[in-house]
Structures are given as structure tokens and as C-alpha cells.
**Q** 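Can you read through this structure? Questions will come right after.
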Number of protein chains: 2
Amino acid sequence: MPLPIITKDTNPSELNAVVDKARSASNFLKAISHEGRLMILCHLVSGEKSVTELEDLISARQAAVSQQLSRLRLEGLVIPRRDGKTIYYRLADDKPKRVLEVVYDLFCHDN
Amino acid sequence: MPLPIITKDTNPSELNAVVDKARSASNFLKAISHEGRLMILCHLVSGEKSVTELEDLISARQAAVSQQLSRLRLEGLVIPRRDGKTIYYRLADDKPKRVLEVVYDLFCHDN
DNA sequence: CCAATATATCACATAAATTGAATATGTAAG
DNA sequence: CTTACATATTCAATTTATGTGATATATTGG
């Protein structure tokens, strides 16, 4: 059952902890709720991709993709790796994957 | 593994289907990524609540809570039930719950 | 060093989301 | 019908997010 139950006599520090967690979760969800960023993350589930590859995969311009990756990077969701001129991105941990699995199950199953 | 792999020779109708699903998922995630709405949904997991109860639970004003509920209602995430003067809201299905469970696990476990 | 390629950043314009105050609606009680 | 209470809606102001074009940085090859 998600999140502790909050009542009138939940003490302040406990309440702050809950609000902080809600804010973190909210930021994370905002980061992945953008259509382009969501697609990028989905593509990264199957392995790292270069920026150019992602541009093609989601049919968006270089600057847009770079900014979307920038946001995901700042949010700690992806990690860049340079190899020569190209930069490859991969998922930083399984947080996005865990959520994407559920979302995929809810929105993409059959039909 | 989330989402079908898209390549240069994915046919147009298949591609549209994927983009549509991504848009749905994106809208859903946007709806739940707002801090106030996230808290509301969390509280509804444990059962239906009146608007006034929610106002107290998340310490927000009447108009704000009502607007947040309105958004969730339009997005199909919650369902209102009138009983006299008060209106009780409950989760429309287990979509939000499914996602919240993962988010709770990722952001609220221990510490 | 110079040109070419890959990526990042910036500044701006626009669009979308959010808030707050005021007002409206629906319901029960008298 | 009138009042009080619970909730919803509206509108303007503000904030935040996003895409675009131009420009900057880093790397490789010649």
C-alpha cells in the first residue's frame, strides 16, 4: 500500500519526510512524462544509444534531443559515455525501467 | 522489455500506434506527476475520501483540491460519488495504483 | 593548424501548467 | 423560499516547459 497514512497527529519531521519523497517522486515522474523523453528511455531499455541514433529513432532535431537528454542526465536517469566523437547514453539504474515496465503493461498490451 | 523496437522499416501504421500509446502514457504520467495530485492518489489507494477530507490530508485549499480532482477526473483516473452534500472520490481503476506501488517502492522504501 | 563531425548550450518565442480570488452550482434543513 | 454548507468553475496573472536557430565545444583525421 503506497505511502504512509498521514493524519492530523503525524509529527512534523515525519510529515516533511513524506512531502520530500512526494516531491522526489513528482520530479522523477515529470522527467519521464514528456513524450520525447519517454520514448528515449524506452529505446535505452534495449541498450545504450548514441545521440544521433536517438535523433533518428524519435524523429526529433539534434538540439531538442540533446536538451531532453540533458534533462534526463540532470535528473540522474541516464549516463553518458564518450567514445571518440560520439556520445552514448544508457540508463543510470533500473528506476526508469521498473516504471516503464508497468506503464508498458498498462498502455501497450495487446490491441 | 518495454515498447516495441522501432527501426527505419517499421511500417507507418505500426509507428502511429506506438506514438499514440506513448502519448497516452505521457498524458497519464503528466496527470500523476503533479505533487498535489500524486498525494491525492496516494490517499485514495486506501479508500474513497471526500473533498474536504482531502483538503485536510494534503493541506491545500478548497479550490486547489477541486481543480486537481477535476484534472484527475477528466483524465479518467478518479470517479466521484455524491452522497448528500459531500462528494466522495475513488480510484477509477488500478492503473494509478499499479504505478504508485512501483514509485512507492523506489522512493519511499526504508530511510 | 584546419576542416568535418558529433554533441551541447544559449537566447528567444511560444505554449502549457499552475495558482488565487471570485463566483457559481447543488443539496439539505428550516 | 432562504440560508448554510460542500464542491465546482472561471478568469487573469504568473510560472514553468518546450522547440528553434544560432553558436560553442570537443574530437578526429589530414
Side-chain angles (χ1 to χ4, degrees), chain A residues 19 22-44 47-92, chain B residues 19 22-41 43-44 47-92 96:
Chain A
V19 172
R23 183 159 305 132
S24 299
S26 166
N27 286 336
F28 169 82
L29 290 169
K30 276 179 184 146
I32 73 174
S33 67
H34 178 273
E35 197 178 321
R37 293 191 296 263
L38 187 60
M39 293 290 284
I40 288 177
L41 292 172
C42 286
H43 285 298
L44 293 185
E48 66 176 15
K49 305 274 182 300
S50 73
V51 178
T52 304
E53 285 172 327
L54 290 171
E55 286 169 38
D56 290 347
L57 286 168
I58 71 174
S59 308
R61 304 203 177 169
Q62 189 270 323
V65 171
S66 190
Q67 279 169 169
Q68 291 164 184
L69 286 167
S70 166
R71 168 76 187 270
L72 293 172
R73 199 173 356 101
L74 293 173
E75 210 73 44
L77 302 191
V78 299
I79 294 177
R81 172 182 74 84
R82 180 182 278 278
D83 178 12
K85 276 179 284 194
T86 92
I87 295 185
Y88 293 92
Y89 278 86
R90 65 174 189 280
L91 298 181
Chain B
V19 172
R23 183 160 305 133
S24 300
S26 166
N27 286 336
F28 170 82
L29 290 169
K30 276 180 184 144
I32 73 173
S33 67
H34 178 274
E35 198 177 323
R37 293 192 294 263
L38 187 60
M39 293 290 282
I40 288 177
L41 292 172
H43 285 299
L44 293 186
E48 67 175 13
K49 305 274 182 299
S50 73
V51 178
T52 304
E53 285 172 328
L54 290 171
E55 286 170 35
D56 291 348
L57 285 167
I58 71 175
S59 308
R61 304 200 180 170
Q62 189 270 322
V65 172
S66 189
Q67 279 169 173
Q68 290 161 184
L69 286 168
S70 166
R71 168 76 187 270
L72 293 172
R73 198 172 359 99
L74 292 173
E75 210 73 43
L77 302 191
V78 299
I79 294 178
R81 171 181 74 84
R82 180 182 278 276
D83 178 11
K85 277 180 285 194
T86 91
I87 295 184
Y88 294 93
Y89 278 87
R90 65 173 191 280
L91 298 182

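Naming convention: chains lettered A, B, ... in sequence-line order (proteins, then strands); numbering from 1 in each chain.
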**Q** Roughly how far, to the nearest 0.5 Å, is the NZ atom of K49(A) from the OG1 atom of T86(A)?
**A** 13.0 Å

**Q** Enumerate the salt bridge (Lys or Arg N to Asp or Glu O under 4.0 Å) contacts for residues 58-69 of chain B, please, sequence neighbours excluded, ordered by first and then second residue.
**A**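 Sorted result for residues 58-69 of chain B: empty, none.
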
**Q** Looking at residues at least two apart in the chain, or sitting in another chain, which of them share a side chain to side chain donor-acceptor pair (under 3.5 Å) with E55(A)?
**A**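 So E55(A) forms no side chain to side chain donor-acceptor pair (under 3.5 Å) with any residue.
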
**Q** State which residues pass side chain to side chain donor-acceptor pair (under 3.5 Å) with R82(B); sequence neighbours excluded, sorted by chain then number.
**A** none

**Q** Spell out protein contact along nucleotides 16-23 of chain D as letters: B when the base is contacted, S when just the sugar-phosphate is, - when no protein heavy atom is under 4.0 Å; keep the 5' to 3' order.
**A** --SBBB--

**Q** Heavy-atom contacts under 4.0 Å between residues 79-90 of chain B and DNA chain D, which residues?
**A**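 Heavy-atom cutoff 4.0 Å gives K85(B), T86(B), I87(B), Y89(B).
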
**Q** Taking only distance into account, with no hydrogens and no angle test, what donor-acceptor pairs under 3.5 Å do side-chain atoms of residues 62-75 of chain B form with protein atoms, sequence neighbours excluded?
**A**
from: R71(B); atom 1: NE; to: E75(B); atom 2: OE1; distance (Å): 3.3
from: R73(B); atom 1: NE; to: Y89(B); atom 2: OH; distance (Å): 3.2

**Q** For the CG atom of N27(A) and the CD1 atom of I32(A), what is their distance to the nearest 0.5 Å?
**A** 12.0 Å

**Q** Excluding sequence neighbours, so at least two apart, what forms ring pair (Phe, Tyr, Trp, His ring centres under 6.0 Å) with F28(A)?
**A**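 Per chain and number, F28(A) pairs via ring pair (Phe, Tyr, Trp, His ring centres under 6.0 Å) with F107(B).
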
**Q** Using salt bridge (charged side-chain N to carboxylate O under 4.0 Å, His left out) as the criterion, list what pairs up with R90(A), not counting sequence neighbours.
**A** none

**Q** Please tabulate, for the side chains in residues 33-41 of chain B, all donor-acceptor contacts under 3.5 angstrom to protein atoms that are two or more places apart in sequence or on a different chain.
**A**
from: S33(B); atom 1: OG; to: L29(B); atom 2: O; distance (Å): 3.3
from: S33(B); atom 1: OG; to: K30(B); atom 2: O; distance (Å): 3.1
from: H34(B); atom 1: ND1; to: G36(B); atom 2: N; distance (Å): 3.1
from: H34(B); atom 1: ND1; to: R37(B); atom 2: N; distance (Å): 3.2
from: E35(B); atom 1: OE1; to: R23(A); atom 2: NE; distance (Å): 3.2
from: E35(B); atom 1: OE2; to: R23(A); atom 2: NH2; distance (Å): 3.3
from: R37(B); atom 1: NE; to: A31(B); atom 2: O; distance (Å): 2.6
from: R37(B); atom 1: NH2; to: K30(B); atom 2: O; distance (Å): 3.3

**Q** Going 5' to 3' along DNA chain C, which nucleotides are the first and last within contact of chain B (any atom under 4.0 Å from a heavy atom)?
**A**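 First-to-last contact on DNA chain C, by the 4.0 Å heavy-atom rule, is dT18(C) to dA28(C).
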
**Q** Mark yes or no for whether K85(B), through its side chain, and D83(B), through its backbone, hold a donor-acceptor pair below 3.5 Å.
**A**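 Between the backbone of D83(B) and the side chain of K85(B) there is no qualifying donor-acceptor contact (under 3.5 Å).
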
